[in-house]
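All residue numbers refer to positions in the sequence shown, counting from 1.
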Amino acid sequence: MVENIGNQKAALLASYCQSTDLMKKIPLHLWRWALGLCVVSVLVLALIPNPPEIPSTDGIKTNHLLAFAVIMILGCYAFHPKKWRVILG
């Protein structure tokens with residue numbers, strides 16, 4: 001039983017590592033373009049007086065949390081050699 005749980009965890013970890021390798025196979029310049037596009041989009045939505053209605057979460061704080069989480073994740077992939085600098089700001 002315990003051995004079976006260990007095998008399941010190992011399989012889960014292996015699948016995660018494969019998906020991470022897949023994400024790193026995308027060229028770095030495409031991650032940087034996606035990051036730039038996301039930052040510009042968030043900036044435009046933050047600065048226009050009456051933003052259009054877009055599908056979002058229920059609260060303004062969760063919208064901000066979601067936007068900055070996406071920016072952080074894209075930043076980590078765009079600058080993955082310096083990932084901890086991106087996370088720590």
Side-chain angles (χ1 to χ4, degrees):
M1 174 92 178
V2 173
E3 196 172 300
N4 189 20
I5 292 173
N7 290 340
Q8 289 174 349
K9 286 182 180 180
L12 182 65
L13 182 61
S15 69
Y16 173 76
C17 291
Q18 289 171 356
S19 67
T20 302
D21 289 341
L22 178 65
M23 297 299 276
K24 289 183 180 180
K25 287 181 182 178
I26 296 174
L28 208 54
H29 69 277
L30 290 179
W31 286 115
R32 292 181 178 166
W33 272 100
L35 175 64
L37 182 65
C38 184
V39 168
V40 168
S41 300
V42 169
L43 182 66
V44 166
L45 287 172
L47 294 178
I48 58 177
N50 295 321
E53 288 295 321
I54 56 173
S56 65
T57 61
D58 291 332
I60 204 165
K61 290 188 185 260
T62 52
N63 286 342
H64 284 92
L65 177 71
L66 181 63
F68 290 116
V70 169
I71 289 172
M72 186 187 73
I73 291 168
L74 286 174
C76 285
Y77 281 118
F79 299 99
H80 63 82
K82 301 174 186 172
K83 177 171 53 174
W84 289 108
R85 284 186 173 178
V86 172
I87 292 172
L88 297 175

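Judged as a side-chain contact (heavy atoms from CB on, under 4.5 Å), and not counting sequence neighbours, the contacts of Val44 are Val40, Ile48. Evaluation of the side-chain contact (heavy atoms from CB on, under 4.5 Å) rule for Leu30 yields Ile26, Pro27 as partners, not counting sequence neighbours. Looking at residues two or more places apart in sequence or on another chain, you find a side chain to side chain donor-acceptor pair (under 3.5 Å) between Thr62 and Thr57.
To the nearest 0.5 Å, atoms OH (Tyr77) and CE (Met72) are separated by 10.5 Å.
When the side chains of ILVMFWY residues are joined at heavy-atom separations under 4.5 Å, either directly or via intervening members, Ile73 and Phe68 end up in a single hydrophobic cluster. Side-chain heavy atoms closer than 4.5 Å link hydrophobic residues (I, L, V, M, F, W, Y) into clusters, and following such links, even through other members, never connects Val39 to Leu65.
Here the shortest heavy-atom pairing between Leu35 and Ile71 reads CD1-O, 3.6 Å. Shown here for Val70 and Cys38, the closest heavy-atom pair between the two residues is CG1-SG, 3.8 Å. Smallest separation of non-hydrogen atoms from Ala78 and Leu28: O-CD1, 3.3 Å. Of all heavy-atom pairs between Leu74 and Ala34, the closest is CD1-O, 3.8 Å.
Applying the under-4.5 Å side-chain rule to Ile, Leu, Val, Met, Phe, Trp and Tyr, the cluster around Leu43 extends to Leu47.
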